[in-house]
Structures are given as C-alpha cells and as structure tokens.
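Notes follow the structure.
Note that these values count all heavy atoms, side chains included, but never hydrogens, waters or copies made by symmetry. Residue numbers begin at 1 in each chain, while the letters A, B, ... track the order of the sequences.
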Amino acid sequence: MEKKLYITTAIPYVNGTPHIGNALDYLLADIWTRYQKQNDREVRFQVGTDEHGNKIAAKAAEAGLDPQTYTNQMYTNFELLMQKMGASYTDFIRTTDPHHIGAVQFIWQTLLPYIYKGTYEGLYCAGCEAFITAKEATNNGGVCPDHKAPYQTISEDNYYFKASALTDRVKEAINSGQMQIVPEFRKKEFLELIKDGLQDVSISRPKKNLSWGVPVPGDSEQVMYVWLDALANYLTVLGFPDRQGWRVYWPADIQVVGKDILRFHAGLWPAMLLGLGLELPKKLLVHGHVNVGGVKMSKSIGNVVDPIQVIDEYGVDAFRYFFSRHIPTLDDGDFTWDKFENAYNTELVNDLGNVVQRVASMITRYQAGVIGHIPQGEHDMGTYHESMDNLEFDKAIDEVWLMVRSLNQYIEHIKPWEIAKNIKTDTEAESHLNEVLAYAVGALLQIGDLLVPFLPDTAAKIHHIFETGVVIPIDGVFFPRVYIHTTDPRVKKA
RNA sequence: CGCGGGGUGGAGCAGUCUGGUUAGCUCGGAUGGCUCAUAACCAUCAGGUCGUAGGUUCGAAUCCUACCCCCGCAACCA
C-alpha cells in the first residue's frame, strides 16, 4: 500500500475555552495540508479534544452535570474555532469515543511488558484531589491557595510505563533524524533534557482519586492517567488497531505541537510507539508561544486574546494572514492589536487588496473587462517552495508579498493610464496596453495560487475575478479598511 | 560555572556557520511624484559606535576571550 500523508494537531483539554495556541496548531496544520493538496497529495488531517481527567469531572460537578454531558457541551467550543478558522481537517476525535477507549486499552495490554506497579509519592492537596509539583508548592508557600490547607506528602499505588528502557532507541531516532524535530534548536534542547535518560512515567491512578478516565484492563481499582490516553489519539483516530486503513497513514508525516508539550511528544510518545512496535512520526513541528506586547498571555493578567474575536472582527483570512506571516512558524511571536491592525491595513488592504482592485478597474475601464490571453506568471518561486518544505511558512508568505510589491512597481513604471490615452488612435498602444494588463493578471493569478494554503478565501476571490478572461466586477471593496482597536489616521487629519 | 535562545537605526527582523563593495528588508517619520486604485501606489531622504571591553587579521556585525543584559526551560504541566 502506498503511504498517504497524515498530519496531526495536539488535542486540547476541553476544560476551558480555545486560545490562540490551539488556533496556531490548526493554522499550521491547515497550511501544510492545503499546500500538499494543491500538489495533488492526499492528506488526512486530525484534530480532536482531550476529555478525561479530574479537572473535567470537577468542572462538570460544579455545573451539576455528569462528565460526559459536560464534555459533550464543551468540545463544540473547539469545533467552532476550527471551523471558523477554515481548518480543513478530515478527522475529529474525542477521547471519550468508544472506539478510542477500546483502542487505548488494547495499547495498554500490548505495552504490558513495559508496565510495572509502583508507588507514587508526592505533595497532595485533599481539597483539589490532585498532586502538585514541588515547584508549585514552593510558589504557594506550601499551602494550597484554593483550600488554605497545607499540602500533605502522600503515596499511592500507580502503574508505571518503563520509558527509561527505551531511552537509547528514542535518542537514536532523534539523532538520526528518523524522527526529526523542527526547528533544530528544539532538538538540541530536548536531547539535553534527556541526557540522563527518560524517566518512567506514572500512567494510572487509583480509581478513588480519578474516576473519569479509561479503566485499566485487568485492574478495576485503577484508571489511566492523562498522557497515555491522550497521545494514543493520533493512532486511534486512524482506526488503530482493528479498523482497516490506518497503516496507509501511519507514521504521521508531521505532528504539530507547541513547545510546552514537546517533551511528551518527543519522549513518552516515541517510547510508546517503540513499545508497540510501530514506526515513529517523521517530523515534529514545534511552534512557539504567542505573547502580547512581550508578555505571556495569562488569565490572571487579563491579556488573553480570543482567536474567535479576531476572526469575527476582521475575517478569517486576516486572522490567518497575521498568524502565518507575523508570528514566526518555528519561534515565539508577539501579538498586539496595534501590530495586527497595522499589518491588516497596510499589507492586506494597501498592498494586496489595492493592487487587485486597480488592475481589475483598469481592465474594466479601458477594455470593457476583457483581458485576452493571460500569460503564465513568471516569478521564480524557488524560495517559496523551499520555505514551505522547511516548514517556515512565514518566510514563504513573505515571498508572496515581494511579488505583490514588484507588481505595484511594475504598474507604476509602465503607467498603463498613459498608454490608455492613445488607444483610440493608435492600435499599437491598444495591443501594448492589453499585453501589460494581461501580464498583471498573470502575476495576480500566480499570487492567488501561492496564497491558496494561507488565505484560501482570498485566493478563491482572485481566481474568480480574473480566471475566466473577463473581469468579474468586485463586490464592494476587496479588503475594507478597519480601525477597531486603533485610531483611524484619516480622522485626525480631517 | 544547570540547559537553550537572543541583544543590529523609533518598532519588528535578515545578514554571523563559509570575515571583504556605501550593514539589507518591512512598518513607522519627512519630502517629492502619479492619478488606474481602498486618503491607496511609486521614488527619494533622515535615522544604526551591529550589547560592552579586549584580541586575531590588510580587513570583523561576522572568528577568539571575558563580561553585562533580556527571554524561555529545569520533568508527570492535558
């Protein structure tokens, strides 16, 4: 069977609302997917939600709901974001899906040679019914801020996954590039982190402490804990192990993850796969975090940016534009309304929107909308494709704007409006003008092609306007100028 | 000496590996041009001791040494 392409995104915990980090996952995966499809590749694109765990159960109880009813309501928040973003996903998995649960239990059983029972000891808050990290305890002065009670040191029986035994093989896979970590500095960072070996991971909890999860096969007292359940989704969504076809897609070509969860995807996850005797994902695309004015987004500071708000105010392509071009694909980025609105108004409106409009308008005015023979755009796109292949999407889209810019320069240089003054009396001028405008259209169509992965709606509009050979009049303004969060400079001058 | 990333005109970045024309690009600012276009577009100009101090070299943002500053991470966080 021929291997088909497969890309995954991290599944967010439904205990909350979608944030910009989730959006970034979907956006990057979607850009890649559309790019591959444009090149006639078949792609499966997974998204989903993580729905087990104590925090979910607690939230549900708070709302007076059982956990399943609660997650049934909550997961739609994420679905809504994906749809608003135009994410062209093919599979949506919820960890509460019956097939997933069964498949995770199968995985557990297959991994039994690597599973042993041990005792977990740590700081615990009875009020929260949760273990907390030593660091967190220190930060809180050893007292739970919610329950005003000092943490206790307690121990409980857990099953452990012997990731340590697979350390060498995981390291080897990373070093050899069998499982590539992009960008390179994340690979270095991670290898440094595990230089003393992978740690065994606690993968279950006593049922009395964790009721909402996948039951451990053969031990009714234990429930699976977080990561084993969550990571397995990348396989189970394909139908692993019992449904046909998953082998056509596994191993994943790209797994998109945020830098905060790299360690799970580069450590525990490949160890699990090795334990299962499966191939490792080919690439982990590790993106950074989005800061606001140089500061981390956090609820307590109150600077959280809601991706849905951005889309509702400016449109999906404006959102996709900013986050693909101005947030570096492989590093941290910075968002402010100022930056966003400036990029929108200068680059989408003034550069791209305007050039589309002026070309369409000239053809309509001088040639009654008839374009004639459209030559192929001839801009060299080597850098664009190279950047796409290197997963540096920000650089690829930069390249498109270079074209927009040079098209504006070309128009300014040729001055079609000057030529147009003579077309009534001079047939040479008439054909020259036709040639010039057709060339401009060719360039715009090429720009449209290159924008397909990034701004699908805009690309479709550009094609719609020009591709028939007769300009279809633009409905309204291509990208309307917007001043919601900043001051309109025109108002000042008036 | 914990690990990693970074410090380049007002802002954001490229250039550093493989030293060598006037340190490049976008935004912002100023001036001029144009009128097809969304007060858009195009051109020109202003603005940088390339974190600091030494060193190597005919020549350093680029190589070496020391130091200063900023950011992220430091393991069960879904």
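Using a 4.0 Å cut-off, no side-chain N or O of Arg186(A) falls inside it from OP1 or OP2 of G5(B). In this structure, Arg405(A) reaches the U26(B) phosphate: one of its side-chain N or O atoms is under 4.0 Å from OP1 or OP2. The phosphate of A37(B) has neither OP1 nor OP2 within less than 4.0 Å of any side-chain N or O from Lys415(A). Distances shorter than 4.0 Å separate none of the side-chain N or O atoms of Gln357(A) from OP1 or OP2 on C41(B).
Nucleic acid contact for Asp50(A): base, since at least one base atom lies under 4.0 Å from a heavy atom of the residue. No engagement by Leu268(A) is indicated, since no non-hydrogen atom pair under 4.0 Å with the nucleic acid exists. Glu418(A) comes within 4.0 angstrom of sugar-phosphate atoms only, judged by non-hydrogen atoms across all strands, and of no base. Backbone-only contact: Asn350(A) has heavy atoms under 4.0 Å from sugar-phosphate atoms and none from a base. In this structure, Phe479(A) reaches the bases: a heavy-atom distance under 4.0 Å links it to at least one base atom across the strands shown. Within the nucleic acid shown, Asn291(A) has no heavy atom closer than 4.0 Å to any nucleic acid atom. Contacts of Ile194(A) with the nucleic acid, taken as non-hydrogen atoms under 4.0 Å apart, are absent. Residue-level contact check: Gly48(A) touches neither bases nor backbone, having no heavy atom under 4.0 Å from any strand. Among the heavy atoms of the strands lying under 4.0 Å from Phe478(A) is at least one base atom, whether or not backbone atoms are also near. Among the atoms of the strands shown, none is found under 4.0 Å from any heavy atom of Lys195(A). Using a 4.0 Å heavy-atom cutoff across all strands shown, Glu192(A) reaches sugar-phosphate atoms only and no base atom. At the heavy-atom level, Gly53(A) lies nowhere under 4.0 Å from the strands shown.
Note: CG (Asp331(A)) to P (A14(B)) measures 9 Å, nearest angstrom. At whole-Å resolution of the value, CG in Asn354(A) and P in C41(B) are 6 Å apart. Taking atom CG on Asp334(A) and atom P on G6(B), their separation rounds to 18 Å, with Å as the unit. Rounded to whole Å, atom P of A40(B) lies 17 Å from atom CD1 of Ile411(A). Separating the NZ atom of Lys187(A) from the P atom of G5(B) is a distance of 13 Å, rounded to the nearest angstrom. Atom C1' of nucleotide C34(B) and atom CD1 of Ile414(A) are separated by 15 Å, given to the nearest angstrom. For the pair Arg365(A) CZ and C36(B) P, the computed distance is 5 Å after rounding to whole Å. Residue Tyr160(A) contributes atom OH, which lies 11 Å from atom P of C76(B) at whole-angstrom precision.
Distance noted for atom C1' between U21(B) and U26(B): 24 Å (whole Å). Remark: the separation of the P atoms in A61(B) and U56(B) is 16 Å, to the nearest Å. The C1' atoms of C36(B) and C25(B) are separated by 28 Å, rounded to the nearest whole Å. For A46(B) and A53(B), the C1' atoms lie 31 Å apart once the distance is rounded to whole Å. Rounded to whole Å, the P atom of A74(B) lies 16 Å from the corresponding atom of C3(B). Separating the C1' atom of U44(B) from that of C69(B) is a span of 38 Å, rounded to the nearest Å. Nucleotides C71(B) and G24(B) are separated by 26 Å at their C1' atoms, to the nearest Å. Taking atom P in both G15(B) and G5(B), the straight-line distance is 15 Å, to the nearest Å.
Note: Tyr344(A) and His485(A) fail the aromatic proximity criterion, with ring centroids not under 6.0 Å apart. Aromatic rings from Phe335(A) and Phe322(A) are positioned such that their centres are separated by under 6.0 Å. Two rings, from Tyr314(A) and Phe340(A), have their centers less than 6.0 Å apart. Aromatic pair His52(A)/Tyr225(A): centroids not less than 6.0 angstrom apart.
Under 3.5 Å, the side chains of Glu51(A) and His100(A) contain no donor-acceptor pair of N or O atoms. Between the side chains of Asp317(A) and Thr458(A), at least one donor-acceptor pair of N or O atoms lies under 3.5 Å. No hydrogens or angles considered: nothing links the side chains of Glu412(A) and Asn408(A) as a donor-acceptor pair under 3.5 Å.
Nearest nucleotide to the side chain of Ile261(A), out of A78(B), C36(B), C41(B): A78(B). Considering only the side chain of Lys259(A), G72(B) comes nearest among A37(B), G5(B), G72(B). Counting only heavy atoms from C-beta on, Val349(A) has its side chain closest to U38(B) among U38(B), C27(B), C41(B). In this structure, of C41(B), C27(B), U38(B), it is C41(B) that holds the atom nearest to the side chain of Arg358(A). Comparing A78(B), C36(B), C27(B) by their closest approach to the side chain of Tyr13(A) singles out A78(B). For Phe185(A), taking side-chain heavy atoms from C-beta onward, the closest of the listed nucleotides G5(B), U38(B), U35(B) is G5(B). When distances are taken from the side chain of Gln199(A) to each of G72(B), C36(B), C76(B), the shortest belongs to C76(B). Proximity note for Lys55(A) (side chain, C-beta onward) versus U38(B), C34(B), A78(B): the nearest is A78(B).
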Nucleotide-level pairing of RNA chain B, given in dot-bracket where Watson-Crick and G-U pairs need both distances under 3.5 Å and | marks other strands: .(((((((.[[[[.)....(...]]]].(((((.......))))).....[[[[[..)....]]]]])))))).....
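RNA chain B is contacted by both Asp196(A) and Glu347(A); Glu347(A) maps to the nucleotide lying nearer its 5′ end (nearest heavy atom per residue). The residue among Thr346(A) and Phe264(A) whose nearest nucleotide of RNA chain B lies closer to the 5′ end is Thr346(A).
Between the Asp66(A) side chain and the Gln68(A) main chain, a donor and an acceptor come within less than 3.5 Å of each other.
The two residues Ala396(A) and Met388(A) make their nearest non-hydrogen contact at CB-SD, 3.4 Å.
Legend: residues meeting ring pair (Phe, Tyr, Trp, His ring centres under 6.0 Å) with Tyr160(A), ordered by chain and number and at least two apart, are Tyr116(A).
By the 4.5 Å heavy-atom criterion applied to side chains, Thr8(A) and Val256(A) are not counted as neighbours.
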